[in-house]
Amino acid sequence: SASQLLVTKYGGILPDTMEELLEFDGVGRKIANLLLGDLYHKPAIVADTHCMRITKRLGLIPDSVKAPEKIEYILKDLIAPEKQSDFCHRIVDFGRDTCDARAPKCENCQMSDICTHFQNQK
């Protein structure tokens, strides 16, 4: 159905707005933001599990905020538009390399002084 919509409604050209991308089956805000940022170089926050976990640990997002869309909007206000897509990619890399969910490498982390997880471990 996504291919059919792409061809029939958009002439084979992937649209470049959130509203239009959300028309495609299987595309939610996370994927739409990824496409907008990576393909069209538009401001976009990909609020995935890495982003949500790490931004909470670093105190950018309150622990009480659970909804990815709310996190997306909070971060959009904090991160300069031209840096949003890159920020999200860096957060994912940081989550894989240093701030793993199960075994974070807090002792080697340059951000441990602002990390709530690290502070709670003391």
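The figures that follow rest on heavy atoms only: side chains count, while hydrogens, waters and symmetry mates do not.
- Counting non-hydrogen atoms of other residues, nucleotides and ligands closer than 6.0 Å to CD of Q4 gives a total of 12 or fewer.
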Assess whether salt bridge (charged side-chain N to carboxylate O under 4.0 Å, His left out) is satisfied between K9 and E20, documenting all intermediate values. CA-CA 10 Å; K9 186 170 182 180; E20 291 171 315; over 6 Å; no
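- Residues P104 and T98 have side chains not in contact (no heavy-atom distance under 4.5 Å, counting atoms from C-beta outward).
- A salt bridge does not link D100 to R96: none of the charged side-chain nitrogens sits closer than 4.0 Å to a carboxylate oxygen.
- In K56, the NZ atom is crowded: over 12 heavy atoms of neighbouring residues, nucleotides or ligands sit closer than 6.0 Å.
- Using a 4.5 Å heavy-atom cutoff, the side chains of L75 and C51 are in contact.
- Pairing each heavy atom of A44 with each of N33, the nearest pair is CB-O, 3.2 Å.
- Linking Ile, Leu, Val, Met, Phe, Trp and Tyr residues whenever their side-chain heavy atoms come within less than 4.5 Å places I61 and F94 in a single cluster.
- Of all non-hydrogen atoms in L60 and L78, the two that sit nearest each other are O-CD1, 3.8 Å.
- For the pair I74 and P62, the tightest heavy-atom approach, listed with the atom from each and the gap, is CD1-CD, 4.5 Å.
- Side-chain atoms of H50 and D93 form no donor-acceptor pair, as typed in the model, at a separation below 3.5 Å.
- Here the straight-line distance linking atom CG of L22 with atom CE of M18 works out to 5.5 Å at 0.5 Å rounding.
- The OG atom of S1 sits 11.0 Å away from the CG atom of L6 when rounded to the nearest 0.5 Å.
- One hydrophobic cluster, built from ILVMFWY side chains closer than 4.5 Å, cannot hold both L34 and I91; they sit in different ones.
- In terms of hydrophobic clustering, with Ile, Leu, Val, Met, Phe, Trp and Tyr side chains grouped at heavy-atom distances under 4.5 Å, L14 and V46 are assigned to different clusters.
- Within the 4.5 Å cutoff, no side-chain heavy atoms of R53 are placed close to those of L58.
- Hydrophobic clustering keeps V7 apart from L5 (ILVMFWY residues linked when any side-chain heavy atoms are closer than 4.5 Å, directly or through intermediates).
- The shortest side-chain heavy-atom distance between P68 and R29 does not fall under the 4.5 Å cut-off.
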